[in-house]
Peer 1: 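Quick one: the structure is below, and I'll ask about it shortly.
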Amino acid sequence: MNKDSFEHDVVIIGAGVCGIYMLYRAREIGLRVTLVEKGDGPGGTWYWNRYPGARFDSESYSYGYSFSKDLLAEWNWTERFASQPETLRYLNHVVDRFDLRQGMQFGRCVKAARFDEATKCWHILLEDGDELRTRFLITAIGMLSAPTLPRIDGLDTFGGESFHTYHWPREGVDLDGKSVAVIGTGATAVQLIPEVAKIARHLTVFQRRPNWCAPLHNGTLDVDEMAQIKEQYEEIFARCARTPSGFLHGPDRRDFDSLSVQEKEEFWENLYQSPGFGKWLGNFVKVLVDPSANAEYSEFIAAKIRERVHDQKVALKLIPIDHGFGSRRVPLETDYYEAFNRDNVELIDLNETPIERILKTGIQTSEREFEFDLIVYATGFDAITGSFDRIDIKGKGSRTLREKWIDGPQTYLGLQTRGFPNLFTLAGPQSASVGTNFPRGIEDAVDWTIRMLKYMRVHGYHHVEASLNAEEAWTAHVKESYEAFWFHEVKSWFNGYNSNLDGHDRVRHLVYFGGAPEYRTRINEIASRDYEGFEFV
């Protein structure tokens with residue numbers, strides 16, 4: 001194909017962790033590439049989520065990019081789990097250090113993308129009416145970037161300020177002296193609630209379903225600690241590469257049944273007092289896969305909640321009864337449970353007193369009317385596929401990606417889907433990155449995609465598409481990876497559930513649960529066999 005038929009070899013959608021790295025690699029091999037981003041700066045998740053308390057739940061030094069020794073040597077993290085402002089500074093530093101900003105177009109929201117079968121060209125329509133033409137379209141649109149509001153009557157009638165946490169105002173919000181409602185107790189709310197409680201005159205938390213939460217145990221990193229971390233980066237990333245989740249924390253493989261109750265509880269107590277995801281991912285293997293073992297650990301955590309919350313009626317409401325610890329992604333918290341000991345914080349159980357509607361002055365439940373100055377919706381996201389659904393993506397035969405994935409995604413390796421040639425869905429459904437420490441999975445996916453693009457250039461191929469057999473086999477394999485876990489039908493965004501959306505009331509197999517090492521081995525083997533399962537023209 002004539003190179004001049006295209007304005008670009010590659011168009012990337014999204015300037016988050018994934019898009020930034022893809023731009024770096026694409027430019028490195030000499031491709032004509034541009035990146036479009038709806039925000040007015042890079043950062044992705046860390047650009048949009050500016051609510052108080054937003055921060056990593058993976059260790060900062062395991063989250064940053066590993067591709068540049070110079071970058072690792074010069075950047076100093078100030079906290080073990082970095083806050084949103086620091087993470088955004090880091091990503092801006094990366095963009096400027098590698099001169100990537102000139103390859104980015106900000107304030108450019110993608111409305112639609114259409115594959116032209118005659119020219120083998122992707123046409124990308126922007127909301128401002130402009131159109132880009134490219135050979136390869138690469139999505140880096142994030143797994144939690146399509147916020148959803150609750151299905152409550154009267155959302156538009158509230159006279160005060162209200163917004164989803166994803167759209168927390170950049171200029172900040174004055175909470176002092178305000179009566180605030182937070183609807184939701186998911187991972188975002190768990191970070192937000194303690195911060196609001198410190199400032200607001202009164203905070204009312206509306207909870208539909210409690211989550212199992214565990215303490216983050218954050219702390220500062222001084223100069224000496226950071227120097228030690230820099231000396232250990234090679235081992236840090238090697239350790240992440242060995243664990244199923246890409247985090248520093250790997251499972252304890254001792255025989256659970258051979259240990260005494262005292263030995264288990266001593267181990268769990270050490271985990272509980274340690275920083276990060278050890279409470280979840282560093283646990284005994286049997287706790288992660290066996291309901292009876294999980295029930296033992298869940299009771300250990302429940303006892304901790306009862307210790308930390310003074311009012312036992314409130315504590316009871318904060319302890320989940322519909323799922324075991326770790327069967328949903330575990331929110332890590334700082335003083336979350338202690339927030340409910342404050343005189344200015346009230347917990348409303350929506351199972352007992354559901355919200356009937358939003359009023360001009362506040363919220364009406366089945367029991368009473370509340371007046372608020374501010375309502376914050378911490379009601380989650382249309383996870384993983386939602387950001388794809390919000391773009392009108394049409395492939396061969398003008399079939400939309402939304403239509404193809406209506407009953408659940410079908411992909412090959414989570415990187416391509418048949419009928420959409422030259423579309424690479426980085427951080428898309430059924431890839432390893434959406435179920436792991438994100439940057440670790442992203443570097444694997446981006447590096448592999450770049451190798452494929454180089455392979456195509458060497459062999460003179462113009463477009464690539466997953467074969468039907470390969471896609472069917474991978475989708476079946478992903479489904480099998482769910483069945484290996486007893487909690488595969490727990491109502492979680494990992495499993496495709498979202499009560500705020502039609503058609504999201506069943507398992508949709510969004511995540512590859514086979515583990516990062518297995519995924520890495522598989523995609524590398526496929527590449528070594530001349531990208532088996534892909535059709536090139």
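If you're wondering where the values come from, they're calculated on a predicted model, not measured in any experiment.
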Peer 1: If the condition is side chain to side chain contact (heavy atoms under 4.5 Å, CB included), which residues does Ser60 pass it with, not counting sequence neighbours?
Peer 2: Phe56, Trp77, Ala82
Peer 1: Show the numbers, then the answer: is there a side chain to side chain donor-acceptor pair (under 3.5 Å) between Glu269 and Gln273?
Peer 2: CA-CA 6 Å; Glu269 186 63 38; Gln273 300 304 327; 2.9 Å; yes
Peer 1: Would you please indicate yes or no on a ring centroid separation below 6.0 angstrom for Tyr512 and Tyr519?
Peer 2: yes
Peer 1: Within 45° of the ring axis of Phe267 and under 6.0 Å from its six-membered ring centre, is that where the NZ or CZ of Arg254 lies?
Peer 2: yes
Peer 1: Find the distance between CD (Glu266) and CG (Leu271) and round it off to the nearest 0.5 Å.
Peer 2: 12.5 Å
Peer 1: Looking at residues at least two apart in the chain, or sitting in another chain, which of them share a side chain to side chain contact (heavy atoms under 4.5 Å, CB included) with Ala140?
Peer 2: Ile12, Cys18
Peer 1: At what distance, to the nearest 0.5 angstrom, does CG of Asp57 lie from CZ of Arg329?
Peer 2: 4.5 Å
Peer 1: State, yes or no, whether a side-chain contact exists between His202 and Thr204 at a heavy-atom distance under 4.5 Å.
Peer 2: yes
Peer 1: For the side chain of Ser245 and the backbone of Thr436, is there at least one donor-acceptor N/O pair under 3.5 Å apart?
Peer 2: no
Peer 1: Determine the interplanar angle of the Trp280 and Phe277 rings, folded into 0 to 90°, and report it as parallel if under 30°, tilted if 30 to 60°, perpendicular if over 60°.
Peer 2: perpendicular
Peer 1: Among side-chain atoms of Glu195 and Gln191, is any donor-acceptor pair under 3.5 angstrom?
Peer 2: no
Peer 1: Give me each pair satisfying side-chain hydrogen bond (donor to acceptor under 3.5 Å, both in side chains) with a member in residues 152-163, each pair once, sequence neighbours excluded.
Peer 2: none
Peer 1: Could you check whether Asn294 and Lys286, counting side-chain N and O atoms only, form a donor-acceptor pair closer than 3.5 Å?
Peer 2: no
Peer 1: Would you please name every residue forming a salt bridge (charged side-chain N to carboxylate O under 4.0 Å, His left out) with Glu480, sequence neighbours left out?
Peer 2: none
Peer 1: Are any of the side-chain heavy atoms of Asp290 and Phe256 separated by less than 4.5 Å?
Peer 2: no
Peer 1: Salt bridge check, Arg80 against Glu59: does any charged N sit closer than 4.0 Å to a carboxylate O?
Peer 2: no
Peer 1: Please tabulate, for the side chains in residues 313-324, all donor-acceptor contacts under 3.5 angstrom to protein atoms that are two or more places apart in sequence or on a different chain.
Peer 2:
{"residue": "Lys317", "atom": "NZ", "partner": "Glu352", "partner atom": "OE1", "Å": "3.0"}
{"residue": "Lys317", "atom": "NZ", "partner": "Glu352", "partner atom": "OE2", "Å": "2.8"}
{"residue": "Asp322", "atom": "OD2", "partner": "Arg209", "partner atom": "NE", "Å": "3.1"}

Peer 1: Using the ring centroid of each side chain, check whether Phe81 and Tyr63 are separated by less than 6.0 Å.
Peer 2: no
Peer 1: Give the ring-plane orientation class for His217 versus Tyr272, where under 30° counts as parallel, over 60° as perpendicular and anything between as tilted.
Peer 2: perpendicular
Peer 1: Can you list everything that forms a side chain to side chain contact (heavy atoms under 4.5 Å, CB included) with Pro251? Sequence neighbours excluded, please.
Peer 2: Pro244, Arg253, Val285, Leu288
Peer 1: For a quick check under 3.5 Å, do Thr365 and Glu356 share a side-chain donor-acceptor pair by atom type?
Peer 2: no
Peer 1: Quick test of your reading: applying side-chain hydrogen bond (donor to acceptor under 3.5 Å, both in side chains), list the pairs with at least one residue in residues 165-176, sequence neighbours left out, ordered by first then second residue.
Peer 2: Asp40-Arg170, Tyr47-Arg170
Peer 1: Nearest 0.5 angstrom please: Leu426 CG to Ile442 CD1, how far?
Peer 2: 6.0 Å
Peer 1: Mind checking ring-ring contact (aromatic ring centres under 6.0 Å, His included) for Phe388 and listing every partner two or more places apart, or none if nothing turns up?
Peer 2: Trp405
Peer 1: State, without any angle test, whether Glu79 and Asn218 hold a side-chain donor-acceptor pair at a distance under 3.5 Å.
Peer 2: yes
Peer 1: Salt bridge check, Asp257 against Lys264: does any charged N sit closer than 4.0 Å to a carboxylate O?
Peer 2: no
Peer 1: Could you give the distance from CZ (Arg208) to OG (Ser499), rounded to the nearest 0.5 Å?
Peer 2: 3.0 Å
Peer 1: Please tabulate, for side-chain N and O atoms in residues 366-386, each donor-acceptor pair with protein atoms closer than 3.5 Å (sequence neighbours left out).
Peer 2:
{"residue": "Asp373", "atom": "OD2", "partner": "Ser179", "partner atom": "N", "Å": "2.8"}
{"residue": "Thr379", "atom": "OG1", "partner": "Thr148", "partner atom": "O", "Å": "2.7"}

Peer 1: Check ring-ring contact (aromatic ring centres under 6.0 Å, His included) between His509 and all other residues, then give those that pass, not counting sequence neighbours.
Peer 2: Tyr482
Peer 1: For residues Ile363 and Ile183, determine if any side-chain heavy atom of one lies less than 4.5 Å from a side-chain heavy atom of the other.
Peer 2: yes
Peer 1: Side chain to side chain contact (heavy atoms under 4.5 Å, CB included) with Glu37: which residues, sequence neighbours excluded?
Peer 2: Ala15, Leu35, Trp48, Phe106
Peer 1: Just jot down the ring-ring contact (aromatic ring centres under 6.0 Å, His included) partners of Phe67, sequence neighbours excluded, or say none.
Peer 2: Tyr21, Tyr24, Tyr65, Phe98
Peer 1: Looking at NZ of Lys230 and CD of Glu74, how far apart are the two atoms once the value is rounded to the nearest 0.5 Å?
Peer 2: 8.5 Å
Peer 1: Find out whether Arg50 and Leu88 are in side-chain contact, i.e. whether some heavy atom of one side chain is under 4.5 Å from a heavy atom of the other.
Peer 2: yes
